[in-house]
Participant: 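Before we start, here is the structure in question, set down as structure tokens.
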Amino acid sequence: MSILDNLNIEQRKAAERVEGPLLILAGAGSGKTRTVTFRIAHMVLEKNISPYKILAVTFTNKAAKEMRERVEGLIGEDAKRVMVSTFHSFGVRLLRMYGNKLGYDSNFNIYDSDDQKRLVNTLMKDIGITDKSTTPARVVSAISKLKEEGITPGEYANDSRGFLESYKTVSAVYGRYNTALKKNNAMDFSDILVNTNALLDDLELLEKIQERYQYVMVDEYQDTNKIQYEIVNKIAARYKNLCVVGDEDQSIYGFRGANIKNILDFEKDYPDAFVVKLEQNYRSTENILEAANHVIKNNESSRGKNLWTAKKGGHPISVIEASDGREEAYFILRELYQLKKEGYNYKDITILYRTNAQSRAFEELFVKQGTPYKIFGGMQFYQRMEVKDVISYMNVINNPKDSLSLMRILNVPKRKIGPATINKFRDYAEENNMSLFEALGHTEEIKLGPALKIVISEFYNGMLSIIEESEYMPVSEIFTEILTTFKYKSYLEGLGDDRVEERIDNIEELRNSITELEKVEEDLRLGEYLEKISLVSATDELEESRDYVKLMTVHNSKGLEFPVVFIAGMEDEVFPSSKADYDTNQLEEERRLCYVAITRAEKTLYICHANERFVYGQTQPRSRSRFLGEIPPHLLENKNKKEKPVQKKTTEKKKSIENFNPLRDKKSAGNTLDLPYSVNERVTHKKFGMGIVRAVNEKTIEVEFTVGKKKFLTAAIDKFIQKI
DNA sequence: TAACCTATCTTTTTT
DNA sequence: AGATAGGTTA
């Protein structure tokens, strides 16, 4: 008897193979996660391998969480000792510990693409680039791709494409951009990987890590890029217990440097690799699977698999033709109501599309009709202007070297600190080799009007005071301090913007999310919080229990499955994207994307397309996607409803499910201190004066001052609070 | 410095 | 269509 008796023959072959290099070619829906989790359980329960020695790397937090929970279901508490992590979280963890070797402080901030764009933008202006052929956004994506392909600024400068103007721009910015990030004690997403990889060049450290993680597993190996490849292979080099799982037909991240060769060449890298193919699909009906197989076989890059299912037949695939994008949304909504009548719930249904912009038509209609829905990805909660403002305050408090975040908030709320003034301080900081924030403390040495001096000193001292407090204050208190000290809400109210209410709601939602998080993790520190919100991915917020229709890009749907799937916008120039028109490799990637989309469906699949579409403020004619033509007609059924659906009189607007949920990953408990404080004891605080202790919790205490109740973390509290 | 107007660009896809 | 950058004016 073995725990592996629960697996099919192929899955079992893979799970049994614990030592040595192992390649698991796992077709869509073939029980990949099941195989991997049972493999871990087998290692721990039946092979006596310490869970502490196992590292499993996934692409999203959601995948990591799911894997951890499923392993826990099999082996219990020991599962917590297995390191299940995304590449990025794993890297950040390592870099917090050892980043000083590369010249970073452990409180480094993480920049998102918005930050990257702003930084590149200022750099381009500083250098005086007049190149109109490119934009900061394009420069950012070029730089990210270069980083993840392992090309340094120096190497890029020697590249032969040097005559192109956009190339020159990228080349001029790349190195300076890196320097600026480092000065700000910040990393972008690519840096997390690049620096993790660089850390592993330290042989002593590498050996330590190799000894710690003697068994390495990588999920979605077809989507690893050069740097991730190097990280994995360095760690596994010592024991060669490397298990990679993937499917070359689902490689869809070429645009961010993913290299399909990593999986195709695994057997070259490890000639003694054991290879297992998982070809039984447990997810979809025969019709759906056959359609997917017919599409993907047009790809040269496909090795060819024999994906099969025991679920014979099934519904034909419904094709819906609409006159335009709006009608497409109507048709889908009507079909959705039909499905509801047949007994499906909203949560069984997912609408997939190629680009985020396509979600708009659905959102408008669903709001009007009061249909519960949730859009994953797109404009993230944390990227909204007002949320980002407050986060930028937190960024500076966490890491005052972060001049980029500082520049964002210097004049928000408006303090009459314009670009001219900021530049004076930037110059002063540069000349005196200090950070912009430090420079703000030297108002006397800089030529300024008296009013400005006062304003800047107020800002500077306000920040200093919160920075000091942040050592022992819970994030929620820091949040409140920021809002009150800098009167952020009155600033929002005074904007005279028609979205004031929404913005204030967002701020309140941010507060709620922090409070929710602190319920789970009482002693959450600012740095940990910022890290957490930087690394969330779109589908991490997916809640199985709530009943709403899910909308997301095909990219975001990878690894997920749904009873009913609508693929919207199946038109040439949309899917495949017009960007892939003249490039076979890109076209093949689009086809893999289509393959991913089709194979998400369990029972029912709809493919929709419109004859014209409104793009860039213009109506353009559209024809059905070539991919649709690759599906044999006998699998398709025309589900066209000729008459236009009657739009219901707008009923009372129901609020859609918010696009945002508090993070709720649990974290292991921190240290517990003996508290010398007791309820009703009197204390004094530097800033808030006299107070009375109202509650003593495990890791925090609450004190009532004249200004109101405040919470404090007990760690390091003695520096700030004194007993009387 | 801020407020207002006009011209231009945007949409691939994401940790 | 909507967002944003850049320029002009108060």
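Throughout, a chain's letter reflects where its sequence line sits, starting with A, and its residues are numbered from 1. Hydrogens, waters and symmetry mates are skipped; everything else that's a heavy atom, side chains included, is used.
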Participant: Under 4.0 Å from a heavy atom of chain A: give me the 5'-most and 3'-most nucleotides of DNA chain C that qualify.
Facilitator: dA1(C) to dG6(C)

Participant: Consider the side chain of Lys416(A), meaning its heavy atoms from C-beta on, and name the nucleotide among dT14(B), dA2(B), dT15(B) that approaches it most closely.
Facilitator: dA2(B)

Participant: Could you tell me whether Arg96(A) and Glu528(A) have a side-chain N and a carboxylate O separated by less than 4.0 Å?
Facilitator: no

Participant: May I ask you to test the Val140(A)-Ser144(A) pair for a side-chain heavy-atom distance under 4.5 Å?
Facilitator: yes

Participant: Give the nucleotide from the list dA2(B), dT15(B), dT1(B) with an atom nearest to the side chain of Pro419(A).
Facilitator: dT1(B)

Participant: Does OP1 or OP2 of dT1(B) have a side-chain N or O of Thr421(A) closer than 4.0 Å?
Facilitator: yes

Participant: Taking the ring centre of each residue, are His609(A) and Phe575(A) less than 6.0 Å apart?
Facilitator: no

Participant: Looking at Asn61(A), I'd like to know whether one of its side-chain N or O atoms comes within less than 4.0 Å of OP1 or OP2 on dT15(B).
Facilitator: no

Participant: Using the C1' atom as the reference point in each nucleotide, state the distance between dT13(B) and dT4(C) in Å, no decimals.
Facilitator: 23 Å

Participant: Please report, rounded to the nearest Å, how far the P atom of dT15(B) is from the CD atom of Glu531(A).
Facilitator: 16 Å

Participant: Without decimals, in angstroms, what is the distance between Arg415(A) CZ and dT1(B) P?
Facilitator: 14 Å

Participant: What is the separation between atom OH on Tyr382(A) and atom P on dT15(B), rounded to the nearest whole Å?
Facilitator: 14 Å

Participant: Output the single nucleotide from dT13(B), dA2(B), dT14(B) whose closest atom is nearest the side chain of Lys414(A).
Facilitator: dA2(B)

Participant: Map Lys579(A) and Ala420(A) onto DNA chain B by nearest heavy atom, then report which one ends up closer to the 5' terminus.
Facilitator: Ala420(A)

Participant: For Ser405(A) and Asp402(A), which I'm curious about, is there any donor-acceptor pair between the side chains at under 3.5 Å?
Facilitator: yes

Participant: To the nearest 0.5 Å, how far apart are CZ in Arg503(A) and NZ in Lys489(A)?
Facilitator: 15.0 Å

Participant: Do Asn233(A) side-chain atoms and Tyr229(A) backbone N/O form a donor-acceptor pair below 3.5 Å?
Facilitator: yes

Participant: Look at Asn411(A) and dA2(B) and indicate whether a side-chain polar atom (N or O) is within less than 4.0 Å of OP1 or OP2.
Facilitator: yes

Participant: So does Ser577(A) get a side-chain nitrogen or oxygen closer than 4.0 Å to the phosphate oxygens (OP1/OP2) of dT11(B)?
Facilitator: no

Participant: Would one find a side-chain N or O of Arg138(A) under 4.0 angstrom from OP1 or OP2 of dT10(B)?
Facilitator: yes

Participant: Quick one: which of dT13(B), dT10(B), dA2(B) gets closest to the side chain of Phe255(A)?
Facilitator: dT13(B)

Participant: Give a yes-or-no answer on whether the side chains of Ser251(A) and Glu248(A) include a donor-acceptor pair shorter than 3.5 Å.
Facilitator: no

